[in-house]
Amino acid sequence: MVNTLSLSIRRIDCARDDAREAIAALRRELSPRGNVVSPEGKARTAAVFGEPLAPAQVVERILGDVAARGLDAVLDYTRKLDKVDLKPEEVRVSQAELDEAHAKADPEYLATIARVRENVLTYQRAILSKDVHIEPQPGLRLGMRYAPLRRVGVCVPGGAAAYPSTLLMTVVPAQAAGVDEIAVVVPPTKFGGYNPELLAACRELGVTEVYRVGGAQAVAALAFGVEGIPAVDKIVGPGNLFVALAKKQVYGEVDIDSIAGPSEVVLIADASADPDFIAADLISQAEHSPGASILLTWVPGMVERVATALERALAELSRGELARDSLEKFGALIECVDEDQAAALSNLFAPEHLHVSTADPERLLPKLTAAGAVFLGHLTPVALGDYAAGPSHVLPTSGTARWASGLSANDFLRRTSLIGVDARGLKALAPDVRRLADVEGLTAHRASVDVRAAKIERS
């Protein structure tokens with residue numbers, strides 16, 4: 001595992017005896033129990049709380065404080081963590097500010113927002129769950145009814161860059177589902193609540209509730225409700241580890257989409273893959289800083305070719321140093337024994353983004369059982385899904401794609417089962433209800449059937 005290049009990215013050769021432990025260590029680091037926090041984030045929280053608390057401890061204190069003190073606590077943490085001193089009346093972005101940002105926006109930018117919105121709407125409406133009505137036997141009517149949530153909160157990051165794409169990929173699926181009230185929270189930064197492009201996108205999408213609040217305090221405000229920010233029924237959207245842990249801790253008070261932490265990609269490459277394409281894809285996730293980028297290949301020499309391509313590409317990018325830091329901390333180039341081992345390791349990592357850069361990606365697809373989104377073929381970079389294709393780019397991270405799914409319009413629907421019987425249906429089901437009620441000793445359950453059956457018999 002000697003690295004002669006200046007990029008100190010970890011390399012793992014699965015043929016070596018130490019590979020198993022190296023992979024296990026990497027997997028632990030990228031799990032929800034990991035500590036994937038930028039150095040700046042660690043320094044800020046240590047300064048605020050007077051000690052280097054673990055991220056989960058930081059979040060617990062913030063949530064408890066906001067639940068107890070409401071907006072005052074939100075403003076305190078905004079001042080201490082974001083270094084912005086907001087007055088209560090400045091928290092919500094005014095309609096005049098939204099209108100002004102929209103009026104001054106580049107028309108071509110607004111046209112892009114409109115086109116992408118249509119792409120997302122087309123896909124999300126196509127997959128939207130529909131009401132179901134069946135009659136499995138005479139006299140028994142069953143159904144499933146879907147209804148949109150009343151009010152949802154959307155977290156949009158705004159620390160290192162502006163993310164109108166996240167706005168699109170969260171708000172539009174909710175709109176496709178028919179949600180009436182959508183509240184957007186975004187940090188009070190030049191990339192967030194004071195970003196004209198983001199505000200213009202809000203206006204273009206018809207979003208009128210935008211709040212300049214970020215981090216765990218924003219999640220708390222949405223979950224518990226504070227002065228000026230009514231509580232929501234569900235919170236969606238990505239963020240750093242503090243946002244992810246806050247969503248995890250408020251689950252039960254409200255629903256959440258998933259534990260969407262730092263961005264990550266696993267890329268599976270065969271001999272037909274282009275090292276320059278691979279390097280670009282790995283860097284594209286690493287530039288989120290933090291972001292995890294992992295290559296899985298069984299092709300001899302591919303690791304070296306990709307490492308060289310990474311070094312070359314990093315030198316040419318404006319955000320190269322940010323990406324370099326992430327690659328060195330959370331990246332890995334892994335040489336597998338064969339294709340099957342690459343697929344097994346991908347399933348073990350269960351990544352947010354899985355890029356299958358092989359000659360025949362569909363052939364490998366049945367072996368890949370755990371990923372938030374799969375990108376098929378050399379010409380399908382993750383950026384297409386991030387920005388324009390149609391499926392939401394809000395995806396489960398940190399290995400949670402083993403059981404969690406990416407955000408879709410269906411996540412904004414409540415399911416309600418429907419049951420109705422007539423005399424025939426009651427008569428058919430009554431014997432089984434009586435038997436199970438007797439086994440469980442629930443005599444009132446049995447009686448609720450018996451009283452009806454008896455009346456039917458008498459009529």
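Annotation: side chain of Leu314 is in contact with side chain of Leu7 (closest heavy-atom distance under 4.5 Å).
In this structure, the separation between OG on Ser405 and CG on Asp257 is 11.0 Å, given to the nearest 0.5 Å. Once rounded to the nearest 0.5 Å, the distance linking CZ of Phe330 with CG of Leu26 reads 10.5 Å. The distance from atom CG of Asp85 to atom NZ of Lys80, rounded to the nearest 0.5 Å, is 12.0 Å. Note that OG1 of Thr112 and CD of Glu204 are 10.5 Å apart. Values are rounded to the nearest 0.5 Å. Here CG of Leu110 is found 10.5 Å from CD of Glu108. Values are rounded to the nearest 0.5 Å. In this structure, Leu354 CG and Phe349 CZ are separated by 12.0 Å, a value rounded to the nearest 0.5 Å.
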Determine, step by step, whether Phe412 and Val152 satisfy the side chain to side chain contact (heavy atoms under 4.5 Å, CB included) criterion, reporting the C-alpha distance in whole Å, the side-chain angles of both residues, the deciding distance to 0.1 Å, and the verdict.
CA-CA 8 Å; Phe412 297 99; Val152 302; 3.8 Å; yes
Asp325 vs Lys329, test: salt bridge (Lys or Arg N to Asp or Glu O under 4.0 Å). Steps then yes/no.
CA-CA 6 Å; Asp325 181 67; Lys329 289 180 179 176; 3.4 Å; yes
side-chain hydrogen bond (donor to acceptor under 3.5 Å, both in side chains) between Tyr251 and Glu253: does it pass, once the steps are laid out?
CA-CA 5 Å; Tyr251 175 68; Glu253 185 77 28; over 6 Å; no
Show the numbers, then the answer: is there a side chain to side chain contact (heavy atoms under 4.5 Å, CB included) between Val59 and Gln249?
CA-CA 8 Å; Val59 168; Gln249 290 191 29; 3.7 Å; yes
Any chance you could lay out the side chain to side chain contact (heavy atoms under 4.5 Å, CB included) test for His393 and Leu407, step after step, and finish with the verdict?
CA-CA 8 Å; His393 74 202; Leu407 186 68; over 6 Å; no
Are Tyr146 and Asn410 close enough, and set up right, to give a side-chain hydrogen bond (donor to acceptor under 3.5 Å, both in side chains), and what steps lead you there?
CA-CA 9 Å; Tyr146 293 89; Asn410 292 315; over 6 Å; no
Is there a side chain to side chain contact (heavy atoms under 4.5 Å, CB included) between Leu75 and Val91 once you walk through the steps?
CA-CA 9 Å; Leu75 296 177; Val91 172; 3.7 Å; yes
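Of the possible donor and acceptor atoms, none in the side chain of His102 sits under 3.5 Å from a partner among the backbone N and O of Ala200. Formation of a donor-acceptor pair under 3.5 Å by the Asp270 side chain with backbone atoms of Ala359 is found in this model. Lys247 places a side-chain N or O within donor-acceptor distance of the main-chain N or O of Ser258, the cut-off being under 3.5 Å. In this structure a side-chain-to-backbone donor-acceptor pair under 3.5 Å is present from Arg151 to Pro230. In terms of modelled atom types and a separation under 3.5 Å, the side chain of Gln124 and the main chain of Ala409 share a donor-acceptor contact. Between the side chain of Asp281 and the backbone N or O of Pro381 there is no donor-acceptor pair closer than 3.5 Å. A donor-acceptor contact shorter than 3.5 Å links the side chain of Glu352 to the backbone of Glu264. Between the Thr400 side chain and the Pro396 main chain, no donor and acceptor come within less than 3.5 Å of each other. Within the 3.5 Å criterion, the main-chain N or O of Leu376 finds a donor-acceptor partner in the side chain of Thr380. With hydrogens and angles ignored, the 3.5 Å screen pairs a side-chain donor or acceptor of Ser392 with a backbone N or O of Met169.
We find that Lys367 and Asp340 are joined by a salt bridge, their nearest charged nitrogen and carboxylate oxygen being less than 4.0 Å apart. For the pair Glu51 and Arg61, the salt-bridge criterion is met [side-chain N within less than 4.0 Å of a carboxylate O]. Ionic pairing of Glu339 and Arg363 is present here: one or more N-O contacts between side-chain nitrogen and carboxylate oxygen are shorter than 4.0 angstrom. Between Asp233 and Arg150 there is a salt bridge, with a side-chain nitrogen of the basic residue lying less than 4.0 Å from a carboxylate oxygen of the acidic one. Comment: Arg324 engages Glu321 in a salt bridge, judged by a side-chain N to carboxylate O separation of less than 4.0 angstrom. A salt bridge does not link Arg16 to Glu335: none of the charged side-chain nitrogens sits closer than 4.0 Å to a carboxylate oxygen.
Relative orientation of the His353 and Phe375 rings is tilted, given thresholds of 30° and 60° on the angle between their planes.
A cation-pi geometry, defined here as NZ or CZ lying under 6.0 Å from the six-membered ring centre and within 45° of its normal, holds between Arg212 and Tyr194.
Nearest heavy-atom pair, Thr297 versus Val303, reported as atom, atom and distance to 0.1 Å: CG2-CG2, 4.1 Å.
Environment of CZ in Arg145: sparse, with no more than 12 heavy atoms of neighbouring residues, nucleotides or ligands closer than 6.0 Å.
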